[in-house]
Amino acid sequence: MRVVYIGERIQHHAGRSGYDQLARRVRSRPLSPAIHHALTSILERTPSSAVKARLDSPPYSWYWRPEQLAQELHAMGSMALAGGVYHWLYGENDFRWAGRFPRRKGARIVVSMHQPPRIFERVFPDPKALGRADAVLACCRSQADYLKDFAGEDKVHVIPHGVDADFFTPAPKPAEEKFIVLAVGSWLRDFSLLAEVIREAGRRRSGLCFHLVLPRDRIKDFDGAPNTKIFHGVPDAHLHSLYQSANVLFMPVTDFTASNTLLEGMACGLPAVASDVGGMRDYMDSSCGVLVPPSDPEQALTALLNLKKNQNLAPAMAESARKKALKFDWKRIAQSVMKVYKGLYAR
């Protein structure tokens, strides 16, 4: 089966993170970089008004660069000439026009979507475009239920996000008295909740030590925070060691469909304290962590302190977290995706 993946890597993702890891587990071919470059050059020399008319305008700002349009034009040309599965890895970012034009018999369109409804509505201006795909992949059940209204119930499949469980692995905890709470990432994070929990933990002299892996623009928000160490731009090996040396993963989020951070932490045997929103329950339960109400610093801090106090729970939770993460290993996710591909030719 011919499989072509369309989509640019998300730049802030670690080298072993991101949905494009799927392309490493499925025998596939990329679009020609030379043709993509040539089309981009042509669009950059085309009058800007003609190009901008086919890109999103504010507030729809995820599909705004000529190289994104060039990539889709390239895919459309390929579909007109050759069959196979054409899979858009990041639908919100890169899929707009492809389903509107003729394609060769045997060419199938698959689109993976990643954002919860309130983000989807803001960044994907034509939801009906999903109806032109042959299959739409959602990361969790709540997201799938929402997308069925646009793509059709029979086209939407729940295929979870994945993790490189061969790289993200547990390790014995160092013999330290510190109880390390790790928070990683920025997308949909509830930074107000995180800051309040850190402040209150310091005020109570709780003994919690926070390690934060943050984007550059968030570092200033936590400068001077008590018992807090900040990391930025860490390489894969360092990120791995941060997961391995922590005692608990803290996931304060405002909404959720899937997360590299959650799965990587679980694969490293980290119990999680996470906001009970969106599709969080598709990935974790009480065997491997604690779900807390959103925007509730008192309950979040109480959950962290209970895990610190009852560290005899840690080995069982760590084992459960690892076992759950293995269900989301990219090798297993790739098998599920291949079943969807094959099903498109069985109709």
Side-chain angles (χ1 to χ4, degrees), residues 1-33 36 71 75 78-79 82-95 107-115 133-141 143-144 155-170 184-185 187 235-237 239-240 243 257-269 279 282-284 321-346:
M1 181 188 301
R2 183 173 185 265
V3 178
V4 179
Y5 286 115
I6 302 104
E8 298 178 330
R9 177 165 176 75
I10 306 299
Q11 291 302 311
H12 67 263
H13 285 165
R16 300 288 189 129
S17 305
Y19 193 78
D20 49 284
Q21 299 293 321
L22 173 65
R24 301 183 184 184
R25 274 78 180 180
V26 175
R27 183 176 296 179
S28 60
R29 64 185 70 187
L31 294 171
S32 165
H36 185 196
Q71 177 180 248
S78 183
M79 285 192 295
V85 173
Y86 293 79
H87 187 164
W88 272 257
L89 295 174
Y90 296 99
E92 292 93 347
N93 300 60
D94 299 312
F95 181 76
R108 301 288 189 268
I109 292 175
V110 177
V111 185
S112 288
M113 306 300 286
H114 302 271
Q115 301 305 322
D134 297 289
V136 175
L137 308 188
C139 295
C140 65
R141 290 169 295 175
Q143 181 199 20
K155 291 184 179 180
V156 178
H157 307 263
V158 179
I159 306 287
H161 198 69
V163 65
D164 186 343
D166 294 327
F167 179 77
F168 292 103
T169 55
V184 179
W187 184 243
D236 286 8
L239 178 63
H240 188 199
Y243 283 125
T257 55
S259 168
N260 293 310
T261 298
L262 179 66
L263 290 175
E264 289 164 5
M266 290 170 59
C268 291
D282 285 23
Y283 291 88
M284 65 167 287
R322 175 67 182 174
K323 284 182 178 178
K324 271 197 166 295
L326 290 175
K327 296 179 181 179
F328 304 107
D329 186 284
W330 275 121
K331 295 187 286 293
R332 297 186 66 167
I333 301 304
Q335 291 173 358
S336 297
V337 172
M338 284 299 300
K339 287 180 181 178
V340 172
Y341 295 164
K342 293 174 182 176
L344 296 177
Y345 293 96

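Every value quoted in this text rests on a predicted model; they were computed, and no experiment measured them.
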Set of residues satisfying side chain to side chain donor-acceptor pair (under 3.5 Å) with respect to R332, sequence neighbours excluded: none

Atom of V163, atom of A325 and distance for their closest heavy-atom approach: CG1-O, 3.7 Å

With sequence neighbours excluded, what pairs up with Y19 under the ring pair (Phe, Tyr, Trp, His ring centres under 6.0 Å) test? H114, H161, W330

In chain order, what residues pass the salt bridge (Lys or Arg N to Asp or Glu O under 4.0 Å) check against D166, with sequence neighbours excluded? K331

Is there a donor in the side chain of Q71 and an acceptor in the side chain of W88, or the other way round, less than 3.5 Å apart? no

Separation between CD (Q115) and OH (Y90), nearest 0.5 Å, reads 10.5 Å

For the CG atom of D94 and the CD1 atom of I6, what is their distance to the nearest 0.5 Å? 9.0 Å

Counting N and O atoms only, with roles assigned by atom type, does the side chain of D282 sit under 3.5 Å from a partner on the main chain of R141, one being a donor and the other an acceptor? yes

Kindly give the heavy-atom pair with the smallest separation between M79 and I109, and that separation in Å. SD-CG1, 3.7 Å

What is the distance from atom CG of L89 to atom CD of E8, rounded to the nearest 0.5 Å? 11.0 Å

Taking V26's backbone N and O only, do any of them form a donor-acceptor pair with S28's side chain (distance below 3.5 Å, no angle check)? yes

side-chain contact (heavy atoms from CB on, under 4.5 Å) assessment of K324 paired with L263: CA-CA 9 Å; K324 271 197 166 295; L263 290 175; over 6 Å; no

So which heavy atom on D329 is nearest to which on A165, and how close? OD2-CB, 3.0 Å

K155 side chain to A133 backbone, donor-acceptor under 3.5 Å: yes

Do you know which two heavy atoms are closest between S112 and H87, and how far apart they sit? OG-NE2, 2.7 Å

Between V158, I159, L137, which is the residue that forms a side chain to side chain contact (heavy atoms under 4.5 Å, CB included) with S336? I159

For residues L344 and A135, report the shortest heavy-atom separation together with the two atoms involved. CD2-CB, 4.0 Å

For H36, ring pair (Phe, Tyr, Trp, His ring centres under 6.0 Å) partners two or more places apart: none

Minimum side-chain heavy-atom gap V110-V337 below 4.5 Å: no

Assess the side chains of R2 and Y86: does a donor N or O sit below 3.5 Å from an acceptor N or O? yes

Going from CD on Q143 to CE on M113, what distance comes out if it is rounded to the nearest 0.5 angstrom? 7.5 Å

Please identify each residue that fulfils salt bridge (Lys or Arg N to Asp or Glu O under 4.0 Å) with R108, with sequence neighbours left out. none

When rounded to the nearest 0.5 Å, the distance separating CE of M266 from OH of Y283 is 10.0 Å

D164 side-chain N/O to R16 backbone N/O, donor-acceptor pair under 3.5 Å: no

Could you check if a side-chain atom of E264 sits within less than 4.5 angstrom of a side-chain atom of L239, using non-hydrogen atoms only? yes

Of all heavy-atom pairs linking A267 and P170, the shortest is O-CD, 3.4 Å

With sequence neighbours excluded, tell me which residues meet ring pair (Phe, Tyr, Trp, His ring centres under 6.0 Å) with F168. H240, Y243

